Trainee: 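First, the structure itself, so that you have it in front of you.
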Amino acid sequence: MKITIITATWNSAATLEDTLRSVKEQSYADIEHIIIDGASTDDTLKIADRFPHIAKICSEKDNGIYDAMNKGIALATGDIIGILNSDDVLADNRVIERIAARFEDAGIDAVYGDLVFVDRNDLSRIKRVWKAGSYRYGQLYRGWMPPHPTVYVRRGCYERFGLFNIDYKVAADYDMLIRLLLINRIALAYIPAVLIRMRTGGVSTGSFSRRFSINKEDRLVWENNKISPRWYTLYCKPLYKVKQFLFPALQWRWLSYRRRNRG
């Protein structure tokens with residue numbers, strides 16, 4: 001099956017090469033990599049031009065990162081679609097191979113895995129560990145959510161249930177998960193492996209004011225989807241992240257050990 005990876009860029013020259021190389025070096029062959037650029041003025045496009053594995057590059061002004069993601073989905077021809085941010089990398093060269101293997105089960109609509117946050121200047125330095133664990137219906141009411149950069153979805157789900165809502169500035173991925181998992185109850189499978197290394201300091205890992213904006217939009221997500229969270233849902237969501245900061249080096253060693261023994 002073909003797997004489409006969409007990378008949205010805007011003046012991403014400082015980190016993009018790592019991202020593109022992590023896709024180029026994948027063991028899985030049938031990858032369609034699409035770059036949606038927001039009319040960068042730095043060397044972003046020059047860097048992209050050095051990677052012939054990229055299938056399509058679109059560069060024009062857009063209405064933000066979620067608009068760029070929607071453009072990528074519209075251009076995608078793959079059976080499966082994933083989003084790889086321009087400052088993140090696939091954790092190793094077998095990530096897409098593992099994802100494809102899980103989708104061999106025709107009953108699975110989407111998959112996700114674990115994620116580690118790394119130092120912006122040293123991708124080997126682990127700052128936080130997001131061990132997602134298995135999914136059960138209703139967990140989003142208790143504040144759980146999968147690491148959205150690890151989520152890969154069958155293209156048909158976007159065709160049936162819609163694209164990212166660009167009215168949200170920071171919570172469109174949360175809205176998408178609510179729609180897919182709670183409202184439409186798609187079949188979601190967990191891959192017990194680290195799929196993404198995510199640099200700290202991005203849109204979802206920023207300042208207190210950013211966290212406040214996310215919480216405000218999270219409340220709108222539930223309201224706009226006409227469903228009610230539990231009274232504790234939006235309090236539990238940030239609490240779920242506390243354990244990500246606890247002994248990240250030990251957590252990383254455990255995840256690495258488990259990966260080696262699972263193959």
Side-chain angles (χ1 to χ4, degrees), residues 1-7 19-34 53 55 69 72-73 76-85 88-117 129-140 144-164 173-174 176-198 240 244 251-252 254-263:
M1 67 186 76
K2 182 189 293 185
I3 297 183
T4 296
I5 298 174
I6 298 164
T7 299
T19 303
L20 301 183
R21 186 179 297 110
S22 77
V23 177
K24 176 179 177 292
E25 294 176 353
Q26 289 298 299
S27 60
Y28 191 77
D30 201 357
I31 296 175
E32 175 186 57
H33 196 182
I34 297 176
H53 78 274
M69 291 176 184
I73 293 170
T77 63
D79 307 286
I80 312 300
I81 298 176
I83 308 292
L84 181 63
N85 296 328
D88 301 341
V89 298
L90 298 171
D92 61 66
N93 64 3
R94 293 185 56 208
V95 167
I96 302 303
E97 180 184 336
R98 294 188 190 95
I99 290 170
R102 198 66 184 89
F103 274 112
E104 289 178 3
D105 181 344
I108 297 300
D109 295 310
V111 304
Y112 68 99
D114 300 326
L115 176 150
V116 292
F117 296 85
V129 175
W130 190 340
K131 184 179 180 299
S134 299
Y135 170 73
R136 296 179 300 280
Y137 178 78
Q139 282 179 287
L140 272 77
W144 179 92
M145 64 181 293
H148 57 84
T150 72
V151 176
Y152 280 66
V153 182
R154 290 195 190 272
R155 190 177 65 191
C157 289
Y158 289 118
E159 294 169 349
R160 296 197 304 274
F161 307 129
L163 303 179
F164 291 96
D173 41 22
Y174 187 51
M176 178 65 74
L177 291 169
I178 294 288
R179 284 190 279 130
L180 292 179
L181 301 182
L182 281 185
I183 297 175
N184 295 291
R185 301 193 181 200
I186 70 167
L188 181 67
Y190 173 50
I191 298 173
V194 174
L195 303 183
I196 297 291
R197 288 176 179 254
M198 181 177 186
Y240 252 102
Q244 296 175 12
Q251 291 190 63
W252 171 245
W254 166 244
L255 290 173
S256 299
Y257 170 80
R258 187 178 64 179
R259 183 184 65 191
R260 288 195 301 270
N261 283 274
R262 288 178 183 267

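These values consider heavy atoms only, across backbone and side chains, with no hydrogens, waters or symmetry-generated copies. Everything quoted here is computed from the prediction, not taken from an experiment.
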Trainee: D173 and I83: side-chain contact (heavy atoms from CB on, under 4.5 Å), yes or no, with the steps?
Mentor: CA-CA 11 Å; D173 41 22; I83 308 292; over 6 Å; no

Trainee: So, does D92 use its side chain to make a donor-acceptor pair with the main chain of R94 at under 3.5 Å?
Mentor: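 Yes, the answer is positive, given that a donor and an acceptor are paired below the 3.5 Å cut-off.
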
Trainee: Do you know the tightest heavy-atom contact between P147 and A132?
Mentor: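 What the structure gives for the nearest pair is CD-CB, 3.6 Å.
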
Trainee: What is the distance from atom CZ of R155 to atom NZ of K2, rounded to the nearest 0.5 Å?
Mentor: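 It comes to 8.5 Å.
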
Trainee: Does the side chain of D30 come within less than 4.5 Å of M1's, by heavy atoms?
Mentor: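 A side-chain contact is absent here, since even the closest heavy-atom pair is not under 4.5 Å.
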
Trainee: Looking only at heavy atoms, which two atoms of I5 and I96 are closest? And how far apart?
Mentor: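 Smallest interatomic distance, heavy atoms only, reads CD1-CD1, 3.9 Å.
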
Trainee: Working to the nearest 0.5 angstrom, can you tell me the gap between L140 CG and L182 CG?
Mentor: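 Output value for this atom pair is 5.0 Å.
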
Trainee: Nearest 0.5 Å, what's the CZ-CZ distance between R179 and F164?
Mentor: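 These two atoms lie 8.5 Å from each other.
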
Trainee: Do the non-hydrogen side-chain atoms of H33 and L20 ever get within less than 4.5 Å of each other?
Mentor: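 Heavy-atom side-chain distance check passes, below 4.5 Å.
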
Trainee: Could you walk me through whether I186 and F161 pass the side-chain contact (heavy atoms from CB on, under 4.5 Å) test, one step at a time?
Mentor: CA-CA 10 Å; I186 70 167; F161 307 129; 3.7 Å; yes

Trainee: Is there a side-chain contact between Y135 and L181 (heavy atoms, below 4.5 Å)?
Mentor: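 Yes. Closest side-chain heavy atoms under 4.5 Å.
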
Trainee: Is any side-chain heavy atom of N184 closer than 4.5 Å to a side-chain heavy atom of C157?
Mentor: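 SC-SC contact between N184 and C157 ruled out.
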
Trainee: Would V89 and R21 count as a side-chain contact (heavy atoms from CB on, under 4.5 Å) here? Give the steps.
Mentor: CA-CA 8 Å; V89 298; R21 186 179 297 110; over 6 Å; no

Trainee: Partners of T150 by side chain to side chain donor-acceptor pair (under 3.5 Å), sequence neighbours excluded?
Mentor: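 For T150 there are no side chain to side chain donor-acceptor pair (under 3.5 Å) partners, ignoring immediate neighbours.
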
Trainee: Could you pull out the closest heavy-atom pair between I34 and G72, with the gap in Å?
Mentor: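 The pair with the smallest heavy-atom distance is CD1-O, 4.0 Å.
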
Trainee: Test of understanding: with side chain to side chain donor-acceptor pair (under 3.5 Å), list the residues that count as partners of R185, not counting sequence neighbours.
Mentor: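 Only Y137 meet the side chain to side chain donor-acceptor pair (under 3.5 Å) criterion with R185.
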
Trainee: Using the ring pair (Phe, Tyr, Trp, His ring centres under 6.0 Å) rule, collect all pairs that involve residues 94-115, keeping only residues at least two apart or in two chains.
Mentor: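 For residues 94-115, and leaving out neighbouring residues, the ring pair (Phe, Tyr, Trp, His ring centres under 6.0 Å) pairs sorted by first residue read Y112-W144, Y112-Y190.
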
Trainee: Looking only at non-hydrogen atoms, find the nearest pair between A55 and E32 and report the distance.
Mentor: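 Heavy atoms only, the tightest pair is CB-CG, 3.8 Å.
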
Trainee: What I'd like to find out is whether the side chain of I196 reaches to under 4.5 Å of the side chain of L84, using heavy atoms alone.
Mentor: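 Result yes, sub-4.5 Å side-chain heavy-atom pair found.
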
Trainee: For residues M69 and I81, determine if any side-chain heavy atom of one lies less than 4.5 Å from a side-chain heavy atom of the other.
Mentor: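 SC-SC contact between M69 and I81 ruled out.
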
Trainee: Would you compute the distance between atom CD of Q26 and atom CD1 of I31 and round it to the nearest 0.5 angstrom?
Mentor: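 That separation rounds to 5.5 Å.
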
Trainee: Drop me the distance from E25's CD to L90's CG, to the nearest 0.5 angstrom.
Mentor: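 CG of L90 is found 10.5 Å from CD of E25.
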
Trainee: Could you tell me whether the side chain of V129 reaches within less than 4.5 Å of the side chain of D114, counting heavy atoms only?
Mentor: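 Of all side-chain heavy-atom pairs linking V129 with D114, none is under 4.5 Å.
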
Trainee: Tell me, do R154 and I80 make a side-chain contact under 4.5 Å, heavy atoms counted?
Mentor: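 R154 vs I80: side chains touch.
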
Trainee: What's the separation between atom CG in L115 and atom CG in D88, rounded to the nearest 0.5 Å?
Mentor: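 Result: 7.0 Å between the selected atoms.
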
